[in-house]
Each structure stands twice: as C-alpha cells, then as structure tokens.
Student: 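For reference, the structure I am asking about is given below.
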Amino acid sequence: MARYFMFSQVYCHHVRRIYDIHLKDFLKSWLPGGVFSTSIEELLRMTDSEVTQELSKAARDENHPGFDSARCIAKRVHFRLLYQRTREDLEKNRESGKAVFIAACKEFGESEVRHDTYIQKGSGLNFPVIARDGRIFSSLSRSETIEKVPVVAIDYVYISPVCRKRAETWREKNLTRIISSKEGVEE
C-alpha cells in the first residue's frame with residue numbers, strides 16, 4: 001500500500017512530473033545531439049553539479065538554447081496543470097487527455113502546451129506470502145484490499161504560465177465538447 005501511495009501521491013504528482021519534463025527539455029537543448037553520451041567514461045565524468053551549474057547559467061541567458069526550460073525550473077515559473085483525466089472522462093473518451101492536448105495545441109500553440117501520461121506496468125502488488133502452515137500464496141489471493149488497489153495511471157495536460165488564465169477559461173467553455181469528440185482517439 002505504501003508503494004502504491006508513493007507512486008500515486010509523490011512520484012506521479014503533477015508538479016513533480018512537469019519539472020521532469022522541463023528538465024528533459026533543457027537537457028535536449030544543452031547536451032550534444034540532445035542526448036547523454038553513450039561513452040561510459042564521458043557519462044561518469046558528468047556530475048549533477050555540472051548540470052545544475054549549466055541550468056543556472058541558462059536561466060540567466062536569454063540566448064542560451066535551454067533558456068526557456070531552465071527559467072521554468074530556476075524561477076519556478078513552470079507550466080501549470082490545465083487538465084487531469086478523471087474516471088468520468090475516461091468513460092466518455094479513452095483518449096481524453098490526448099484530445100485536450102491536441103485541442104490546446106491548436107488554440108495556444110505547441111510551445112505553450114505539454115502532455116504527460118503514465119500507466120503502471122504490471123501489478124507491483126503481486127508478491128509471495130508465506131502462510132502459517134508454510135504454503136506460499138500470491139498476495140492478491142490473500143488480501144481483498146490489495147486485490148482492489150487500482151493501477152496507477154495519470155494523464156495530464158499542462159499550459160505555460162503566460163497562457164494560463166486564458167486557457168482555464170477556454171477549458172471551462174470547451175472541455176465537454178473536446179472530450180466528447182473523437183479527436184485524439186486512435187482507430
């Protein structure tokens with residue numbers, strides 16, 4: 001249960017997830033070719049301090065290729081949550097997050113919107129349990145509570161702070177229509 005709550009409440013928290021996205025965007029713009037070196041020697045030479053230092057430098061230099069992402073992190077002007085899928089939305093459109101993302105990109109521009117999805121792979125809660133008589137059972141067969149723990153799944157759409165107020169008004173006016181449409185649904 002602790003693992004489930006760590007995933008659903010901490011690791012998949014929308015603010016932590018957007019900082020990951022901003023950091024990935026920064027690294028893509030800063031690293032040669034947009035990726036870490038495949039040379040183990042070069043990779044081991046790079047330290048967190050170097051990344052942090054470059055991030056700080058980029059946040060102060062508008063001409064740095066990673067300026068926008070670095071500024072979002074360093075100045076805490078990160079993109080804000082515009083949409084979070086609900087169970088009701090999922091019943092209407094299995095791709096509701098994607099539909100909102102596509103519609104928001106059309107309305108505000110791709111540079112102003114980010115989409116983040118995650119679905120837990122495997123159960124994670126299925127582990128062996130030794131009974132008092134020495135027999136081994138699946139945790140899922142021995143606990144009704146564990147058997148009913150849902151899979152961790154998120155679907156977030158973020159908007160830049162510049163567009164936030166306008167986007168929130170837009171979302172309120174258009175969300176039902178966007179989710180009800182088949183836009184973003186894969187055939």
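When a residue number appears, it is its place in the shown sequence, counting from 1.
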Student: Less than 4.0 angstrom from a charged side-chain N to a carboxylate O is my criterion; do Glu168 and Arg171 meet it?
Tutor: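 No, this pair does not count.
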Student: If I take atom OG from residue Ser69 and atom NE2 from residue His78, how far apart are they, to the nearest 0.5 angstrom?
Tutor: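 If we round to the nearest 0.5 Å, Ser69:OG and His78:NE2 are 13.5 Å apart.
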Student: Do Tyr158 and Arg164 pair up side chain to side chain, a donor and an acceptor below 3.5 Å, judged on atom types alone?
Tutor: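 Arg164 and Tyr158 do not have a side-chain donor-acceptor pair below 3.5 Å.
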Student: Does CD belonging to Gln84 count more than 12 external heavy atoms closer than 6.0 Å?
Tutor: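 It does: Gln84 CD has more than 12 such atoms within range.
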Student: With the side chain counted from C-beta on, respond yes when Tyr19 and Arg76 share a heavy-atom pair under 4.5 Å apart, and no when they do not.
Tutor: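 They are in contact (side-chain heavy atoms under 4.5 Å apart), so the answer is yes.
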Student: Whether the side chain of Tyr11 engages the backbone of Arg16 through a donor-acceptor N/O pair (distance < 3.5 Å, no angle test) should be reported.
Tutor: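 Looks like no, no N/O pair under 3.5 Å.
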Student: Distance from Lys173 atom NZ to Leu175 atom CG, nearest 0.5 Å?
Tutor: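 It comes to 14.0 Å.
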Student: Looking at Gly66 and Ser29, what are the two nearest heavy atoms and their distance?
Tutor: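 Closest approach of Gly66 to Ser29: CA-OG, 3.1 Å.
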Student: Identify whether Ile154 and Leu81 are in the same connected component of the hydrophobic contact network (ILVMFWY, side-chain heavy atoms under 4.5 Å).
Tutor: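 Cluster IDs for Ile154 and Leu81 match.
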Student: Compute the ring centroids of Phe79 and His22, then answer whether they are less than 6.0 Å apart.
Tutor: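 That pair passes the under 6.0 Å test.
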Student: Is it true that Asp155 and His115 share a donor-acceptor pair across their side chains at a distance under 3.5 Å?
Tutor: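 A pair is found: one side chain offers a donor N or O, the other an acceptor, under 3.5 Å apart.
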Student: Atom CD in Gln53, atom OG1 in Thr47: separation rounded to 0.5 Å?
Tutor: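 Separation between the atoms: 8.5 Å.
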Student: Which of these passes side-chain contact (heavy atoms from CB on, under 4.5 Å) with Arg114: Val157, Asp25, Ile159?
Tutor: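 So, applying the side-chain contact (heavy atoms from CB on, under 4.5 Å) to Arg114 and each of Val157, Asp25, Ile159, only Asp25 qualifies.
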Student: Which value, rounded to the nearest 0.5 Å, describes the distance between Ile18 atom CD1 and Cys72 atom SG?
Tutor: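 The SG atom of Cys72 is 8.0 Å from CD1 of Ile18, to the nearest 0.5 Å.
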Student: Considering non-hydrogen atoms only, spot the tightest contact between Ala70 and Ala59 and give its length.
Tutor: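 Result for this residue pair: CB-N, 3.6 Å.
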Student: Tell me if the CG atom of Leu44 is crowded by more than 12 foreign heavy atoms within 6.0 Å.
Tutor: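 Atom CG in Leu44 is crowded, with more than 12 foreign heavy atoms closer than 6.0 Å.
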Student: Could you check if a side-chain atom of Arg17 sits within less than 4.5 angstrom of a side-chain atom of His14, using non-hydrogen atoms only?
Tutor: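 No, their side chains stay 4.5 Å or more apart.
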Student: Anything under 30° is parallel, anything over 60° is perpendicular, the rest tilted; go ahead and classify Phe26 against Trp30.
Tutor: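 Ring orientation, 0 to 90° scale: parallel.
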Student: Please report the interatomic distance CD(Glu110) to CD1(Ile102), rounded to the nearest 0.5 Å.
Tutor: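 Interatomic distance, Glu110 CD to Ile102 CD1, rounded to 0.5 Å: 10.0 Å.
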Student: Could you tell me if Ser56 and Arg60 have a donor-acceptor pair between their side chains, going purely by distance under 3.5 Å?
Tutor: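 Side chains of Arg60 and Ser56: pair found under 3.5 Å.
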Student: With the side chain counted from C-beta on, respond yes when Leu23 and Ile73 share a heavy-atom pair under 4.5 Å apart, and no when they do not.
Tutor: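 The answer is yes; the side chains approach within 4.5 Å.
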Student: Answer yes or no: is there a side-chain heavy-atom contact under 4.5 Å between Asp20 and Asp116?
Tutor: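 No, side chains not in contact.
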Student: Without swapping roles, check the side chain of Ser143 against the backbone of Ser139 for a donor-acceptor pair under 3.5 Å.
Tutor: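 No: the side chain of Ser143 does not pair with the backbone of Ser139.
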Student: Mind checking the CG-CD spacing from Asp61 to Glu54? Nearest 0.5 Å is all I need.
Tutor: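 With rounding to 0.5 Å, CG (Asp61) is 9.0 Å from CD (Glu54).
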Student: For Phe137, is the NZ or CZ atom of Arg142 found under 6.0 angstrom from the centre of its six-membered ring and inside 45 degrees of the ring axis?
Tutor: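 Yes, Arg142 sits over the ring of Phe137.
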Student: Would you confirm whether Asn174, through its side chain, and Trp170, through its main-chain N or O, come within 3.5 Å as a donor-acceptor pair?
Tutor: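 Side chain of Asn174 to backbone of Trp170, a donor-acceptor pair under 3.5 Å: yes, one is there.
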Student: Give the minimum heavy-atom separation between Cys12 and Tyr156, together with the two atoms involved.
Tutor: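 Heavy atoms only, the tightest pair is O-OH, 2.7 Å.
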Student: Classify the side-chain pair Ser96/Tyr83 by whether it contains a donor and acceptor separated by less than 3.5 Å.
Tutor: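 Judged by distance alone, the side chains do pair up.
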Student: Got more than 12 heavy atoms from elsewhere within 6.0 Å of CD, Glu50?
Tutor: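 Yes, enclosed.
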Student: So Phe108 and Val162, do their side chains get closer than 4.5 Å, heavy atoms only?
Tutor: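 No, their side chains stay 4.5 Å or more apart.
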Student: Closest approach of Ser37 and Glu42, non-hydrogen atoms and distance?
Tutor: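 Distance-wise, the nearest heavy atoms are OG-OE1, 3.2 Å.
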Student: Just so I know, are the side chains of Phe36 and Met46 near enough to count as touching, which here means a heavy-atom distance under 4.5 Å?
Tutor: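 With C-beta onward as the side chain, the pair touches.
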Student: Do Glu107 and Glu112 have side chains that approach each other closer than 4.5 Å (heavy atoms only, starting at C-beta)?
Tutor: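 No; the side chains remain at least 4.5 Å from each other.
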Student: Are the side chains of Ser180 and Asn93 in touch, meaning some heavy atoms are under 4.5 Å apart?
Tutor: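 When only atoms from C-beta onward are counted, Asn93 and Ser180 do not touch, as no gap falls below 4.5 Å.
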